[in-house]
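Before any comments, here is the structure.
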Protein chains: 2
Amino acid sequence: METLPDKTVERLSQYRRSLNNQLAKGKEHIFSHEIANLLHITSVQVRRDIMLIGYSGTLRKGYDIKELVHLIGVILDTDQGQKIAVIGMGNIGKGFIHYLYEKRSKLKIVAAFDINPEKIDKTYADVYCYHLDKLEEIIQNENIKIGIITTPPLVAPEIANKLVNAGIKGILNYTPKPLSVPDDVYLEEYDMITSLEKVAYFVKEK
Amino acid sequence: METLPDKTVERLSQYRRSLNNQLAKGKEHIFSHEIANLLHITSVQVRRDIMLIGYSGTLRKGYDIKELVHLIGVILDTDQGQKIAVIGMGNIGKGFIHYLYEKRSKLKIVAAFDINPEKIDKTYADVYCYHLDKLEEIIQNENIKIGIITTPPLVAPEIANKLVNAGIKGILNYTPKPLSVPDDVYLEEYDMITSLEKVAYFVKEK
DNA sequence: TTTCTATTGTTAAAAAAATAACAATATTTT
DNA sequence: AAAATATTGTTATTTTTTTAACAATAGAAA
């Protein structure tokens, strides 16, 4: 399958979670407009996304939730799962670890890094925190492919370099400092302050 | 001015921060390609955004940083500033408070809410945490117009309702539970797990 | 059985966003 | 002084994303 559009990937992740909720409630089939209602989007969009991943529902019966969830899994997940490292054990770093804690997902945060002695060699929600000096070593030994940067912005570029050198293939940058990485590394940036300023702007304009 | 495109607003927020850094370094003028390099985008995009806000640079000299920062302020900020409440004093809630702490920005987090007695009636980075029961009262008295929801997902819809009833005009929803709000309330949703699954997908596909 | 209805799957159109193209021109170089 | 160059501002094009339109049809209703 050719790579899916960005936005479709995002929605698939959301469909899956909503669908799992529905499964847990005992629901077995679902219509496109029901999925749409759960996510507050349109049913066309749902159908289009489902078309793009090559799944088909049954007319008048909708989609088989279990099958759909499974297929989304085939698309989004890898069989062995993907290991993640968090760099920066501040509030946001902890937030990520906490969010994934006890979710049996194919994504696993397997290491955290910091330079603060009070955080190093301790465990937060089963994730061990190492000194930043161990970054390359642990990432290579553990075969970690994804890194989340939640450090102070100033050091983000240097962390990104280390991650890339250690063989990381995807970075989620949570600092407001824009990064650049080689073409074979996927970079997703998210800036909390920008989100907030955006809300503020549209509040002002309304 | 007609409302600016979504993405332009996001970039303006980022331009401003980068430009302030440059000002702090003593730089007074800047070319579009220099801004572009700072953000790892293209210079055309920078020029287009700047065109959209109606600013003009000087040929061969670039943009006057101070003027540009000022104009972005005129667009993004309100004179009196905007007050923000954080609902949910977990890691992410604290993260937001911490991020805005001591930044002299027109955005101010002025109250936090939780239901955990250990958090209530305490102050974190100068932000006082109230019991959730006080939500409507404080929001109205303080004239808070923006709310950040960082609670467990299950209660997010109920919080959103309370916020809307209390007169909030913009919500940043950090929980994975999709919300719906009346048309006159601006809603921005962000889902940490989805970001991460997106990175994972594109790492897998590369 | 026949007609009606709800729903899917897909193509077509529209809207939003990014990128390219390029004319205009101030400044620098020759 | 003339030519070359670097840079802006803007229009045009392309790409991406969303939305609309609608044919096909399984199942429900008549």
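Convention: sequence-line order gives letters A, B, ...; per-chain numbering from 1.
- Rounded to whole angstrom, the span from the CD atom of Gln45(A) across to the C1' atom of dA16(C) amounts to 13 Å.
- Ring geometry for Tyr55(B) against Tyr63(B) counts as tilted: the plane angle lies between 30° and 60°, on a 0 to 90° scale.
- Contact annotation for Ser32(A): backbone-only contact, meaning every heavy-atom pair under 4.0 Å involves sugar-phosphate atoms and none involves a base.
- Summarising the geometry, the separation between NZ on Lys7(B) and P on dA18(C) is reported as 6 Å, rounded to the nearest angstrom.
- Judged purely by distance below 3.5 Å, without hydrogens or angles, the side chains of Asp49(B) and Tyr15(B) pair a donor atom with an acceptor atom.
- Checked against dG9(D), dT19(C), dA17(C), the side chain of Pro5(B) finds its nearest nucleotide in dA17(C).
- A salt bridge links Arg16(B) with Asp77(B): at least one charged nitrogen is closer than 4.0 Å to a carboxylate oxygen.
- Between the P atom of dG9(D) and the CD1 atom of Ile50(B) lies a distance of 8 Å, rounded to the nearest Å.
- To the nearest angstrom, P of dT16(D) lies 19 Å from CG of Asp6(B).
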| request: Please assess Tyr174(A) against Phe96(A) for the test ring pair (Phe, Tyr, Trp, His ring centres under 6.0 Å), listing each intermediate value before the final yes or no. | output: CA-CA 11 Å; Tyr174(A) 246 67; Phe96(A) 267 106; 5.1 Å; yes
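- If you measure from atom CZ of Arg48(A) to atom P of dT16(D), you get 13 Å, rounded to the nearest angstrom.
- Heavy atoms of Ser56(B) sit under 4.0 angstrom from primed sugar atoms or phosphate atoms, though from no base atom.
- Using a 4.0 Å cut-off between a side-chain N of Lys or Arg and a carboxylate O of Asp or Glu, Glu188(B) and Lys198(A) qualify as a salt bridge.
- One interatomic measurement links the two molecules: CD of Glu10(B) to C1' of dA16(C), which rounds to 13 Å at whole-angstrom precision.
- In terms of phosphate contacts, Arg11(B) brings no side-chain nitrogen or oxygen within less than 4.0 Å of OP1 or OP2 of dA17(C).
- Side-chain atoms of Val44(B) lie closest to dT10(D) of the nucleotides dT18(D), dT10(D), dT8(C).
- Per the geometry, CE belonging to Met51(B) stands 7 Å off P belonging to dT11(D), to the nearest Å.
- With rounding to whole Å, His29(A) atom NE2 is found 16 Å from dA6(C) atom C1'.
- For the pair Leu59(A) and Arg47(A), nearest-nucleotide mapping onto DNA chain D gives the more 5' position to Arg47(A).
- Comparing Lys61(B) and Gly62(A) by the nucleotide of DNA chain C that holds the closest heavy atom to each, the one mapping nearer the 5' end is Gly62(A).
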